[in-house]
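Structure, as structure tokens:
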2 protein chains.
Amino acid sequence: MFEKGYYLRNEGDKVDNLMDMLKEKLKEKGYKLTPQRRATLDIIIDNQGQHLNTEEIYALVKEKCPEIGLATVYRTLQLLDEMQMISKINLDDGCSRYELNDHDEDHQHHHLICESCGTIIEVELDLLEHLEEEIEKNHDFEIKDHKVKFFGICSKCR
Amino acid sequence: MFEKGYYLRNEGDKVDNLMDMLKEKLKEKGYKLTPQRRATLDIIIDNQGQHLNTEEIYALVKEKCPEIGLATVYRTLQLLDEMQMISKINLDDGCSRYELNDHDEDHQHHHLICESCGTIIEVELDLLEHLEEEIEKNHDFEIKDHKVKFFGICSKCR
DNA sequence: TGTTTTTTGTCAATCATTTCTAATTTTTAT
DNA sequence: ATAAAAATTAGAAATGATTGACAAAAAACA
Ligand SMILES: [Zn+2]
Ligand SMILES: [Zn+2]
Ligand SMILES: [Zn+2]
Ligand SMILES: [Zn+2]
């Protein structure tokens, strides 16, 4: 179900694997894996689960790659999104956030957002697949992707 | 399950009903139902199902209320959202869109967005309630609201 | 090596949204 | 009713995330 070579043997392999995946995807479109692009993906991998926004990513990338420009980070994030390495998340807080894509198709996750403290809890929703089948039948609509957010109050805030 | 007086006898009653509802909600918070606020809600009611953005709403409101300023429309939409008369929709097209809330709690709808032609299809998802119960148990998270979007290709675009 | 293509950094422009301010309307107190 | 206080508004300016322009740098090509 997944390309050969993408099974991980240990944690260290993970970055290499994702980087190789990116390299391949870029090559398909005639793009190159530059140090800036490498550094940006590195930061997102290192901060998995963090839902960083562009400025935060920029600040972190700058530590390893001080000459990088903000526009490059914007361009790179857009590219990584197109290559489906990352996903853009909108929390209605006035900026775009990003997270590493889970390349295991069985485990797409979604977000519980606490309206009190802002905490983001990740939740896996396999159940949504049944819903999708139903919708595809009823509306003759071919579903490619979905975004689901739940708003409420987390356990700490009660 | 719903306050007395909010059952509709005919179509004409609908606007009055929603307007009364708004008036009450505003009064609770010490706000007033001004002509500008009235005109803005009117337009949203008249264009139910349209998912208008702020500029579009501004243009339509201006026809009936030419002296209104764009900033007032922004403020009013924010207020109507707070009062839960309307909902903000984000389709990642660079602007906020709004739609009238369905005040029948059994029929919250969600959106199928065609990635080819941009058509928005509305779909009712009662099934999501089971999911919510599950999540509330598993994550000890009190769900107040949710936003669900499905992306794909509509029947016309295939 | 010289030429072309891609990518980058800087800086300016864009554009949705918010803030500021003085004027207007509404409410409240006298 | 009249004056002071509070809320709301229009219009202009400011903000802030994102994008575009462009010349320089890096990489691929011949
Ligand atoms: Zn919380
Ligand atoms: Zn996440
Ligand atoms: Zn379509
Ligand atoms: Zn809708």
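Throughout, protein chains are lettered first and strands after them, A, B, ... in sequence-line order, and every chain is numbered starting at 1.
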field: Between P of C/dT8 and OH of A/Y58, the distance in whole Å
entry: 14 Å
query: Less than 3.5 Å between a donor and an acceptor, one on the side chain of A/R75 and one on the base of D/dG20, is that the case here?
result: no
statement: Numerically ordered, the residues 27-49 of chain B set in heavy-atom contact under 4.0 Å with DNA chain D is B/Y31, B/K32, B/T34, B/Q36, B/R37
- request: Compare side-chain N and O positions of A/Q78 against OP1 and OP2 of D/dT18 and report whether any pair is under 4.0 Å apart.
  value: no
message: Between P on C/dA16 and CD1 on B/I57, what's the gap in Å once rounded to a whole number?
response: 14 Å
message: For A/T54 and B/P66, find the nucleotide of DNA chain D closest to each by heavy atoms; which residue's nucleotide sits nearer the 5' end?
response: B/P66
message: Can you measure A/L70 atom CG to C/dC11 atom P for me and round it to whole angstrom units?
response: 13 Å
query: Starting at CG of A/L80 and ending at C1' of C/dT7, how long is that distance when rounded to a whole Å?
result: 14 Å
task: Using whole Å, report how far CG of B/L77 lies from P of C/dT18.
output: 10 Å
- request: State plainly whether the residues B/D92 and A/K88 are in salt-bridge range, i.e. N to O under 4.0 Å.
  value: no
query: Atom SG in B/C157, atom CD in A/E142: separation rounded to 0.5 Å?
result: 11.0 Å
- prompt: How many Å lie between CG on A/L26 and P on D/dA28, as a whole number?
  reply: 13 Å
field: Length of the line joining B/L79:CG and C/dT17:C1', which is rounded to integer Å
entry: 16 Å
- request: Give the rounded distance in Å between these two atoms: CZ of B/R97 and C1' of C/dA16.
  value: 13 Å
message: Looking at B/S96, I'd like to know whether one of its side-chain N or O atoms comes within less than 4.0 Å of OP1 or OP2 on C/dT17.
response: yes
side-chain contact (heavy atoms from CB on, under 4.5 Å) partner of B/N101, the single match among B/M21, B/Q84, B/M83: B/Q84
query: What orientation do B/H146 and B/H110 show, parallel under 30°, tilted 30 to 60°, or perpendicular over 60°?
result: tilted
- request: Could you tell me whether A/D145 and B/K149 have a side-chain N and a carboxylate O separated by less than 4.0 Å?
  value: no
From B/E24 atom CD to B/K29 atom NZ, the distance as rounded to the nearest 0.5 Å: 14.0 Å
query: Do NZ/NE/NH1/NH2 and the carboxylate oxygens of A/E56 and A/R97 come within less than 4.0 Å?
result: yes
- request: Return no unless some side-chain N or O of A/Y74 is found under 4.0 Å from OP1 or OP2 of D/dT18.
  value: yes
